[in-house]
K.L.:
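Below: one structure in structure tokens.
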Amino acid sequence: MSGTVRRRTVLAGSLAAGALALSGAPAAATPAPLTPPRVPPGSGPLPRVAAPAVPPDRRLFAPAEQRYASYLVTLAAMVNDIDDSDTALRGFQAGGWWRTPSEPFNARTCEHVATFAWFLTAERPWNPYRGDPALAARLDAAVDYYLRLQHEDGSWPEYAPDEHSRAATAFALGYLSKTLERLRGADLLPQRCAAISAALRRATTWFLDPDNDGVWTGGIVEFANQPAAGLAGAAKALALDPDPVLDALLRDRVRHFAASAQSPAGFLYEPRGMDIAYNLNVTLTEIHELHTELGAPVLLPLVRRLAEWLRYTVVPEPDGAGLVSFASGAARTPMYYLDAVTVDRQQRDLGSVFCSEVPDLAVFYPAREDREAGREAWAASPEPVPALAPGDTNPRIPANIPYGEGYPRRRRRDVALRRLPAVRHERFSELRVDPQDQHYLFVRRPGYYLQAFFGVRPNAVVRAGLGLLWHPRAGTFVHGGQSSNTECWATVLPNGGTDGASDLTPRYHQGPVSDGRVVEPGRVGRVHDDLGISWTTTGGNVTGSVLLQDTGLVREVTTTMDGTEQVPLVLRHDDVVTWVGGRQAAVGELTSARTTGVTVSRGGVTLTIDWGTEADARLTPTTRTYFADASRRLSVLRVPLGRAAEVGYTFG
């Protein structure tokens, strides 16, 4: 999309639009007024908050609000850990409930103020904390501490006391503006509200400053989830306390985000490469908040391009277990798989609201029927609601609930699954290149789908080379890991290093590397028959190539020292693994053989891995399993092949 079109579409509508809808107002038409509590003086012990007198009745929770229940039964323990000493630590959220390091200087440990404010002000038949004076007193102390951590320039620290953290400030804008909205709406803690308002004004000024290179990092907006969160929080803060100068800066920064946070390949930068988990789990949810606060879907074109990219990064398991994703190419937090039916208490699901306008996103969320069935079962369960453990109390989950949800119907989700490129087509070559010389390659041939990364790795956790091998009827057979030299699909050297941990300069060929015509990256998409790729590590110690044919592929590797072919195999418990020569290997157990190859048979499909010469091969199970039922386990095949090797992978 051109910059002209972006400018026309960004930030239509008022900042105030949608603010009332987000207040999480009680269901009753005229709730009883809250009496502003007496706040104890700023010294001496704070009153302790009592746990619920009786276990919460699951049947009283609205389906979409069941996620509050675990926070309800954990709330007293959390707020009673707030420091009430007569020291500078008064108000610090101790106990390690959220974020590390759990140190007094880390402002991110304070983010549950929004959770506490919600329980203090929300009228629900199951919420005993509405108007609770002890909760109000501890919230007041916690907010005071949060505000005392703010630097004079408006920023907050995270990893060191003198740090001016983009992330801590971005999320403070969101959580403190939500806290202010709840307290103002209930006419509680007016003096503290005034202090929050002033702090938000300083933070918004700092965050939206175009010259602040701690936020707006040159030509690329890094860690896209953080600026998205800051923009959403600033939009809410300005809806509560309008300011035309800051409003103009907000509009400018949203335009800049749209132009600079998304790679031409389609992903949102995390930090300077692709990351499926952060794009789905965090950034999409913040974009929805921003749209709600602005009253207009200003970043919808960006979301559509992101969805189009994400479609290439996942493959479905034919038995319906879920999706397997391009983990080895992720630059931050790998998402190895995504269950078809996920637990309800998770952050990702707020992004489901985009499914109606961006149908391709439906594959990343459970079907509405499945979510409804899970919630019915939850409400009917006689078990007590379990409390949350320290470190597992993500404040984004309760903060997301008032923004709604939009789970797709199963029929729509099934349509989106059929539209995944790996499922819909039998033949294509798709190369997405980022200007930083990152090459993301997706190749579909009748027998398989392959994902790979070449070029300059955005950081040290990405593993270059081939990443995933999937069969349309049998599912994933090979799946490389991120940030590991022992779980990537690569050539391993005697010192444990791999070519996957190097930049790999690629060259593309129509046909075999030895005699095929060289193809420029922009024309790889036109190669529909045999595609050859050659590469060399930065130090030149490994030179490799692969020929992608219709029923399989052939890897050739030359090294300056003895190398080992390493293949991360995803095996089901009922797979039949057989060493060439006839001896069967036990799935899930360490096994070895001197042989020329191995076969993996699953549901009438067989993958044959053939290295041609006898070698001492070993198959080692790992601790990594796939899906909620752990129905698959990663086992790593390692075959020492000297300084030159040719390995074929053929489906039959």
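Counting begins at 1 with the first residue of the sequence.
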K.L.:
Which distance, rounded to the nearest 0.5 Å, do you find between the CZ of Arg444 and the CD of Gln451?
P.N.:
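If I round to the nearest 0.5 Å, the distance is 12.0 Å.
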K.L.:
Does any donor atom in the side chain of Glu111 or Trp98 lie under 3.5 Å from an acceptor atom in the other side chain?
P.N.:
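Indeed, the side chains of Glu111 and Trp98 share at least one donor-acceptor pair under 3.5 Å.
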K.L.:
Holding to ring pair (Phe, Tyr, Trp, His ring centres under 6.0 Å), I want the full list of residues that pass it with Phe267, two or more places apart in sequence or in another chain.
P.N.:
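Tyr269, Trp309, Tyr440.
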K.L.:
Please determine whether salt bridge (Lys or Arg N to Asp or Glu O under 4.0 Å) holds for the pair Arg555 and Glu565, giving the CA-CA distance in whole Å, both sets of side-chain angles, and the decisive distance to 0.1 Å.
P.N.:
CA-CA 10 Å; Arg555 276 171 54 93; Glu565 177 82 346; 2.9 Å; yes
K.L.:
Distance check, rounded to the nearest 0.5 Å: His471 atom NE2 versus Thr551 atom OG1?
P.N.:
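Going from the NE2 atom of His471 to the OG1 atom of Thr551 covers 9.5 Å.
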K.L.:
Would the distance check show the side chain of Gln262 and the main-chain N or O of Leu302 forming a donor-acceptor pair, the cut-off being under 3.5 Å?
P.N.:
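Yes; judged by distance alone, with no hydrogens or angles, the pair exists.
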K.L.:
Could you measure the distance from the CG atom of Leu469 to the CG atom of Leu553? Nearest 0.5 Å is fine.
P.N.:
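Rounded to the nearest 0.5 Å, the CG-CG separation comes to 6.0 Å.
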K.L.:
Between His112 and Thr393, do the side chains contain a donor N or O and an acceptor N or O under 3.5 Å apart?
P.N.:
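Yes.
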K.L.:
Between the side chain of Asn459 and the main-chain N/O of Ala331, is any donor-acceptor distance below 3.5 Å?
P.N.:
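Present.
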K.L.:
With no hydrogens and no angle check, is any side-chain donor or acceptor of Asp339 less than 3.5 Å from a backbone partner on Phe627?
P.N.:
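Such a contact is absent between Asp339 side chain and Phe627 backbone.
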K.L.:
Show your reasoning for whether salt bridge (Lys or Arg N to Asp or Glu O under 4.0 Å) applies to Arg311 and Glu430.
P.N.:
CA-CA 12 Å; Arg311 293 166 62 233; Glu430 182 75 13; over 6 Å; no
K.L.:
Let me confirm one number: the CZ-CD distance from Arg432 to Gln438, rounded to the nearest 0.5 Å.
P.N.:
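Going from CZ on Arg432 over to CD on Gln438, the span is 13.5 Å.
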K.L.:
For Arg345 and Asn394, does a side-chain donor sit closer than 3.5 Å to a side-chain acceptor?
P.N.:
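Arg345 vs Asn394: no donor-acceptor pair found between side chains.
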K.L.:
Please give me the minimum heavy-atom distance between Arg445 and Phe428, naming the atom from each residue.
P.N.:
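Heavy atoms of Arg445 and Phe428 come nearest at NH1-O, 3.0 Å.
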K.L.:
Quick check: closest heavy atoms across Ala389 and Trp97, and the distance to 0.1 Å?
P.N.:
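Where Ala389 meets Trp97 most closely, the heavy atoms are C-CZ3, 4.0 Å.
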K.L.:
Taking the six-membered ring for Trp, are Trp489 and Tyr649 ring centroids under 6.0 Å apart?
P.N.:
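Yes, the ring centres sit under 6.0 Å apart.
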K.L.:
Decide whether Asn225 and Glu286 meet the rule of one side-chain donor and one side-chain acceptor closer than 3.5 Å.
P.N.:
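Short answer, no.
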K.L.:
Once ring-ring contact (aromatic ring centres under 6.0 Å, His included) is applied, what residue pairs with a partner in residues 356-381 remain, sequence neighbours excluded?
P.N.:
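Listed once each, the pairs are Phe61-Trp378.
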K.L.:
In this structure, is the centre-to-centre distance between the rings of Tyr312 and Phe326 below 6.0 Å?
P.N.:
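No, ring centres 6.0 Å or more apart.
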K.L.:
State whether Glu289 and Lys178 are salt-bridged, where the test is any N-O pair (Lys NZ or Arg NE/NH1/NH2 against Asp/Glu carboxylate O) under 4.0 Å.
P.N.:
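So Glu289 pairs with Lys178 through a salt bridge.
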K.L.:
Would you say the side-chain atoms of Asn400 and Gln347 include a donor-acceptor pair closer than 3.5 Å?
P.N.:
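Per modelled atom types, Asn400 and Gln347 side chains form no pair under 3.5 Å.
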K.L.:
Less than 4.0 Å between a side-chain N and a carboxylate O, is that true for Arg633 and Asp575?
P.N.:
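Salt bridge absent between Asp575 and Arg633.
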K.L.:
To the nearest 0.5 Å, what is the distance between NE2 (His288) and CG (Leu299)?
P.N.:
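Answer for the NE2-CG pair, His288 versus Leu299, is 13.0 Å.
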K.L.:
Ignoring hydrogens and angles, state whether a donor on the side chain of Gln549 or Tyr448 is under 3.5 Å from an acceptor on the partner side chain.
P.N.:
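No, no side-chain donor-acceptor pair sits under 3.5 Å.
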K.L.:
Determine, for Asp550 against Arg427, whether the closest basic-nitrogen to carboxylate-oxygen distance falls under 4.0 angstrom.
P.N.:
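Salt bridge: yes.
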K.L.:
Work out which heavy atom in Ala490 is nearest to a heavy atom in Asp499; give both atom names and the distance.
P.N.:
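Residues Ala490 and Asp499, closest heavy atoms: CB-OD1, 3.2 Å.
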K.L.:
For the residue pair Thr342 and Arg371, confirm or rule out a side-chain donor-acceptor distance under 3.5 Å.
P.N.:
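Distance-only check passes for Thr342 and Arg371.
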K.L.:
With no hydrogens and no angle check, is any side-chain donor or acceptor of Ser484 less than 3.5 Å from a backbone partner on Gly481?
P.N.:
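No.
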K.L.:
Give me the one residue out of Leu571, Val567, Leu590 that meets side-chain contact (heavy atoms from CB on, under 4.5 Å) with Leu619.
P.N.:
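Option passing the side-chain contact (heavy atoms from CB on, under 4.5 Å) with Leu619: Leu571.
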K.L.:
Can the ring centres of His479 and Tyr626 be said to be less than 6.0 Å apart?
P.N.:
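Yes, the ring centres sit under 6.0 Å apart.
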K.L.:
Distance check, rounded to the nearest 0.5 Å: Ser356 atom OG versus Arg409 atom CZ?
P.N.:
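With rounding to 0.5 Å, OG (Ser356) is 13.5 Å from CZ (Arg409).
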K.L.:
Check whether the side chains of Arg638 and Gln566 place a donor and an acceptor atom closer than 3.5 Å, and report yes or no.
P.N.:
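Short answer, yes.
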K.L.:
Is it the case that the side chains of Arg58 and Gln66 hold a donor-acceptor pair, with the cut-off being a distance below 3.5 Å and no angle test?
P.N.:
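On atom types as modelled, these side chains do not qualify, holding no pair under 3.5 Å.
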K.L.:
Counting N and O atoms only, with roles assigned by atom type, does the side chain of Arg583 sit under 3.5 Å from a partner on the main chain of Val580, one being a donor and the other an acceptor?
P.N.:
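No; judged by distance alone, with no hydrogens or angles, the pair does not exist.
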K.L.:
Is a side-chain donor-acceptor pair under 3.5 Å present for Tyr508 with His439?
P.N.:
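The answer is yes; a qualifying pair exists.
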K.L.:
Answer yes or no: is there an ion pair linking Arg368 with Glu405, defined by an N-O contact shorter than 4.0 Å?
P.N.:
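Here Arg368 does not pair with Glu405 in a salt bridge, since their nearest N and O are not under 4.0 Å apart.
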K.L.:
Does Arg410, at its CZ atom, have more than 12 non-hydrogen atoms belonging to other residues, nucleotides or ligands within less than 6.0 Å?
P.N.:
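Check passes, neighbour count above 12.
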K.L.:
Does any donor atom in the side chain of Thr608 or Asp610 lie under 3.5 Å from an acceptor atom in the other side chain?
P.N.:
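Checked: Thr608/Asp610 side chains show no N/O donor-acceptor pair below 3.5 Å.
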K.L.:
Asp434 and Arg272: salt bridge (Lys or Arg N to Asp or Glu O under 4.0 Å), yes or no, with the steps?
P.N.:
CA-CA 10 Å; Asp434 181 83; Arg272 299 179 68 86; over 6 Å; no
